[in-house]
Amino acid sequence: MRASLIQIAVNEDETVEARRLRVASLVRQQEGADLVVLPELWTTGAFAFEEFGAEAEALRGPTFEAMAKAASDTGVWLHAGSVPERAADGQLYNTSLLFSPSGDLAAAYRKIHRFGFDKGEAVLMGAGHELVTVRLPRTTLGVATCYDLRFPELFRGLVDAGAETLVVPAGWPERRRSHWTLLARARAVENQAFVLACGTAGTHAGVPQAGHSIVVDPWGEVLAEAGPDEEVLTVEFDPAKVAKTREQFPALKDRVLGLEPPRR
Ligand SMILES: NC(=O)CCC(=O)C(=O)O
């Protein structure tokens, strides 16, 4: 299976509209890939909090339309990263869109863990509550977004729901790059799953982005890692390796659930 992760540079010298056109063209260049992955909030930038309200879109807004068409023109499964979604009641969400090769919406995922503690995304966006998996012909995707990567229980939930390939679009800052690669490998090893983690490059709202999109196999080996700048990271992987790893080293079967808390 071939996946292309498009590590988009999100800089302030490009308008959202221009970036949308450019990204649609980059997706169209990935013909032959089975799956194309884009990063989190690539229209605005994940740290451009002040832009979220002005650039928010209805679910089926301009980014949805452009990406659905790019997926069907190219005949690929497309995880189109996330957009700032404005729901019918006015609430904002950080919502990922996944399209089938015919351009139909296969799934939408509202980010569960919002970043920023008492500011930024954490106060501007609503939280999603539902885990999302998507069945592709050769693997089942489990999706999460950026800060979600820090919460292993979310990924266990995805694995319990059948996920074999964990896809994580992000807008991860350079300052915590070591956490990004470490956590991507940790989620792969503990869940015996592929991790496809696609970040942004560039600098927006004064926050330099880490780049370093990464693909990790179920044994924790790094199959490919991008540099700091915009790039398309293409990788071939064998989805059957998940079942083989889980069979040969069946640690997931040794989970002990419902542990009692300490008695003090
Ligand atoms: N956009 C994000 O979720 C940023 C997450 C982050 O910077 C971190 O977890 O560190």
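One-based numbering, in listed order, for ligands and for the atoms of each. What you are looking at is a predicted structure, and each value in this text was computed from that prediction instead of being measured. We count residues from 1, following the sequence as given.
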Engineer: Could you check Phe47, Trp180, Tyr147 and say which one makes a ring-ring contact (aromatic ring centres under 6.0 Å, His included) with Trp172?
Structural biologist: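 Running ring-ring contact (aromatic ring centres under 6.0 Å, His included) over Phe47, Trp180, Tyr147 with Trp172 returns exactly one hit, Trp180.
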Engineer: Near Pro173, which atoms of ligand 1 are under 4.0 Å from a heavy atom of that residue?
Structural biologist: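 That gives atoms 7 (O) of ligand 1.
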Engineer: Leu105 vs Leu98, test: side-chain contact (heavy atoms from CB on, under 4.5 Å). Steps then yes/no.
Structural biologist: CA-CA 6 Å; Leu105 184 68; Leu98 286 95; 5.7 Å; no
Engineer: Once you round to the nearest 0.5 Å, how far does CZ of Arg86 lie from CG of Leu92?
Structural biologist: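 Answer for the CZ-CG pair, Arg86 versus Leu92, is 4.5 Å.
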Engineer: Considering both backbone and side-chain atoms of Glu40, is one of its nitrogen or oxygen atoms within less than 3.5 Å of a nitrogen or oxygen in ligand 1?
Structural biologist: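 Yes.
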Engineer: If we set the cut-off at 4.0 Å for heavy atoms, which region of His179 has an atom near ligand 1: side chain, backbone, both, or neither?
Structural biologist: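 For His179, there is no contact with ligand 1 at all, from either part.
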Engineer: With atoms numbered from 1 as shown, which atoms in ligand 1 lie under 4.0 angstrom from a non-hydrogen atom of Arg150?
Structural biologist: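 Close to Arg150: 8 (C), 9 (O), 10 (O).
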Engineer: Hydrophobic clusters here meaning ILVMFWY residues chained together by side-chain heavy-atom distances under 4.5 Å, can you tell me if Val83 and Ile6 are in one?
Structural biologist: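 Yes; Ile6 is reachable from Val83 via cluster members.
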Engineer: Do Leu97 and Leu59 touch side chain to side chain, with heavy atoms closer than 4.5 Å?
Structural biologist: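 Answer yes - side chains close enough.
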Engineer: Does this structure show an ion pair linking Asp148 with Lys111, if we count only N-O contacts that are shorter than 4.0 Å?
Structural biologist: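 Looking at Asp148 and Lys111, the cut-off is not met.
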Engineer: Taking only heavy atoms of Cys146, which atoms of ligand 1 are found under 4.0 Å from at least one of them?
Structural biologist: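 Ligand 1 atoms under the 4.0 Å threshold to Cys146: 1 (N), 2 (C), 3 (O), 4 (C), 5 (C).
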Engineer: Flag the pair Glu14 and Arg22 as a salt bridge only when some basic side-chain nitrogen lies within less than 4.0 angstrom of an acidic carboxylate oxygen.
Structural biologist: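 Answer for the salt bridge query: yes.
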Engineer: I need the contact type for Tyr147 against ligand 1. Using non-hydrogen atoms and a strict under-4.0 Å cut-off, is it side chain, backbone, both or neither?
Structural biologist: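 Looking at Tyr147 and ligand 1, atoms from backbone and side chain both fall under 4.0 Å.
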Engineer: Between Glu121 and ligand 1, is there a nitrogen or oxygen pair with a distance under 3.5 Å?
Structural biologist: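 Min N/O separation from ligand 1 is not below 3.5 Å for Glu121.
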Engineer: How far is atom 7 (O) of ligand 1 from its nearest protein heavy atom, and which residue and atom is that?
Structural biologist: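 For this ligand atom, the closest protein heavy atom is Arg176 NH2, 2.8 Å.
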Engineer: Using a strict 4.0 Å cut-off to heavy atoms of Lys111, name the atoms of ligand 1 that fall inside it.
Structural biologist: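 Heavy-atom distances to Lys111 below 4.0 Å select 1 (N), 2 (C), 3 (O).
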